[in-house]
Amino acid sequence: MSKNKILVADDESRMRKLIRDYLVREDYEVVEAENGEQALDMFYMDSEISLIILDVMMPKVDGFAVLKEIRETSSIPVLMLTAKGEENDVLNDFELGADEYINKPFSPKILMARVNAVLRRSTDDSLGKKVVEAGGIQLDVDAHVATNDGNPVELSVKEFELLYYFINNEGIALSREKILNHVWDYDYFGDARTIDTHVKKLRSKLDDKGNYIKTIWGMGYKFEVDAKA
């Protein structure tokens, strides 16, 4: 089996080396880009890339612009690195379609846990039923295709997994902690804003059927088909 290839895009050579060393130690293949323009070139030229680790602050083209362009054509998992750690940066990452984020400076062990979790979730073949449907929303897991009354809906990897989890637990009240553990596959240290941001995006993309995702105040969410939606 070939190794998963990861693109690391960061303008700091020392940071790229640190990340590369840990990824190689985990038996990943690594390619590097030192700015956003180079990252986009490598993404378009290499179809074997499985994951992109993308720094926000880069010369020529910043990480936000790179992510936005990638999301126009691909749902490849993207993990964003941000030095600021400000709430608006994190929310912007998710609004543009990032699957994960991590603040600098970070623990290499935490970075690897998140990389492993993203790749495990994106390649997992044991999710159960491969096609699920509820209230006119259909998800084909193998093809990573979502439709709403037959019309395609563009979802990021994490949005797709979250909606899949909601549909498979239709009618069940789910706490934020439970959603984080099952969808993100590791301890997110109680950062509920991550879920709230993804739910907001999902509701928008599902149009009127976004109302299927009910807010359970003080707890979390419940997916429930409303015949009137």
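Below, all heavy atoms of this structure are taken into account, side chains as well, without hydrogens, waters or symmetry copies. Keep in mind the model is a prediction, meaning the values are calculated, not measured.
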* Report yes or no: do N116 and Y28 form a side-chain donor-acceptor pair below 3.5 Å? => yes
* Members other than I216 in its cluster, when Ile, Leu, Val, Met, Phe, Trp, Tyr link by side-chain heavy atoms under 4.5 Å? -> M219
* Salt bridge check: are E159 and K205 linked by an N-O gap of less than 4.0 Å? -> yes
* So do V56 and Y101 actually touch side chain to side chain, heavy atoms under 4.5 Å? -> no
* Structure fact -> Applying side-chain contact (heavy atoms from CB on, under 4.5 Å) to K178 and not counting sequence neighbours gives Y165, L174, S175, H182
* Any salt bridge (Lys or Arg N to Asp or Glu O under 4.0 Å) pairs touching residues 17-26, not counting sequence neighbours? -> K17-D21, R20-E32
* Apply salt bridge (Lys or Arg N to Asp or Glu O under 4.0 Å) to D207 and list each qualifying residue two or more places apart in sequence or on a separate chain. => none
* Could you go through the side chain to side chain contact (heavy atoms under 4.5 Å, CB included) check for N169 and F223 one step at a time? => CA-CA 7 Å; N169 291 275; F223 184 90; over 6 Å; no
* Asked: Looking at side-chain heavy atoms only, is the closest gap between L79 and I102 below 4.5 Å?
  -> yes
* Any donor-acceptor pair under 3.5 Å from D140 side chain to A143 backbone -> yes
* Could you list the residues that satisfy side-chain hydrogen bond (donor to acceptor under 3.5 Å, both in side chains) with D62, not counting sequence neighbours? => none
* Say you draw a straight line from CG of L163 to NZ of K201; how long is it, rounded to the nearest 0.5 Å? -> 15.0 Å
* Student check: side-chain heavy atoms of L155 and L202 closer than 4.5 Å -> yes
* Structure fact -> Taken to the nearest 0.5 Å, the spacing of H198 NE2 from I179 CD1 works out to 12.0 Å
* To do: Just jot down the salt bridge (Lys or Arg N to Asp or Glu O under 4.0 Å) partners of K5, sequence neighbours excluded, or say none.
  => E29, D46, E48
* Check whether any side-chain N or O of N148 sits under 3.5 Å from a backbone N or O of L206 as a donor-acceptor pair, and report yes or no. => yes
* **Nearest atoms (heavy-atom pairs only) where S50 meets N4** => OG-OD1, 3.3 Å
* Nearest heavy atoms of P59 and D11, plus distance in Å -> CD-CB, 3.5 Å
* Side-chain donor/acceptor of K158 to backbone N/O of V183, under 3.5 Å -> yes
* **Qualifying residues under side-chain contact (heavy atoms from CB on, under 4.5 Å), relative to M42, sequence neighbours excluded** => L7, V31, A33, Q38
* Taking only residues two or more places apart in sequence or in another chain, which ones pass side-chain hydrogen bond (donor to acceptor under 3.5 Å, both in side chains) with K222? -> none
* To do: Could you grab the distance from atom CG of D99 to atom CG of L51, nearest 0.5 Å is fine?
  => 8.5 Å
* **Chi angles and distances behind the side chain to side chain contact (heavy atoms under 4.5 Å, CB included) call for E100, V115** => CA-CA 9 Å; E100 303 286 357; V115 166; over 6 Å; no
* Which ILVMFWY residues are connected to V145, directly or by a chain of links, through side-chain heavy atoms under 4.5 Å apart? -> none
* Please confirm whether the backbone N or O of I76 pairs with a side-chain atom of R71, one donor and one acceptor, at under 3.5 Å? => yes
* Qualifying residues under side-chain contact (heavy atoms from CB on, under 4.5 Å), relative to S13, sequence neighbours excluded -> R16
* **Closest contact, heavy atoms only, T73 versus F43** => OG1-CE2, 4.2 Å
* **Modelled atom types, side-chain donor and acceptor of D196 and Y221, under 3.5 Å** => yes
* Structure fact -> By side-chain contact (heavy atoms from CB on, under 4.5 Å), E12 pairs with (sequence neighbours left out) D10, M15, K104
* Asked: Got I52 and V66 here, is their nearest side-chain heavy-atom distance under 4.5 Å?
  -> no
* According to the ring-ring contact (aromatic ring centres under 6.0 Å, His included) rule, which pairs have a member within residues 132-153, sequence neighbours left out? -> H144-F160
* If you look at every heavy atom in I167 and A134, which pair is closest and at what distance? -> CG2-CB, 3.9 Å
* Derivation of the side chain to side chain contact (heavy atoms under 4.5 Å, CB included) call for N35 and V61 -> CA-CA 7 Å; N35 57 61; V61 183; over 6 Å; no
* **Nearest atoms (heavy-atom pairs only) where L139 meets A146** => CD2-CB, 3.4 Å
* Structure fact -> In short, A98 meets M80 closest at the heavy-atom pair CB-CG, 3.6 Å
* **Between E69 and Y44, a side-chain donor and acceptor under 3.5 Å** => yes
* M58 side chain reached by D55 side chain, heavy atoms, under 4.5 Å -> yes
* To do: Verify side chain to side chain contact (heavy atoms under 4.5 Å, CB included) between V24 and D27, making sure each step is shown before the conclusion.
  => CA-CA 5 Å; V24 170; D27 205 32; over 6 Å; no
* Output yes when a side-chain donor or acceptor of E133 lies under 3.5 Å from a complementary backbone atom of G136, and no otherwise. => yes
* Less than 4.5 Å apart, any side-chain heavy atom of L23 and any of I53? -> yes
* To do: Give a yes or no answer on whether the side chain of S107 reaches the backbone of K109 with a donor-acceptor pair at less than 3.5 Å.
  => yes
* Is there a side-chain contact between K209 and D149, using heavy atoms and a 4.5 Å cut-off? -> yes
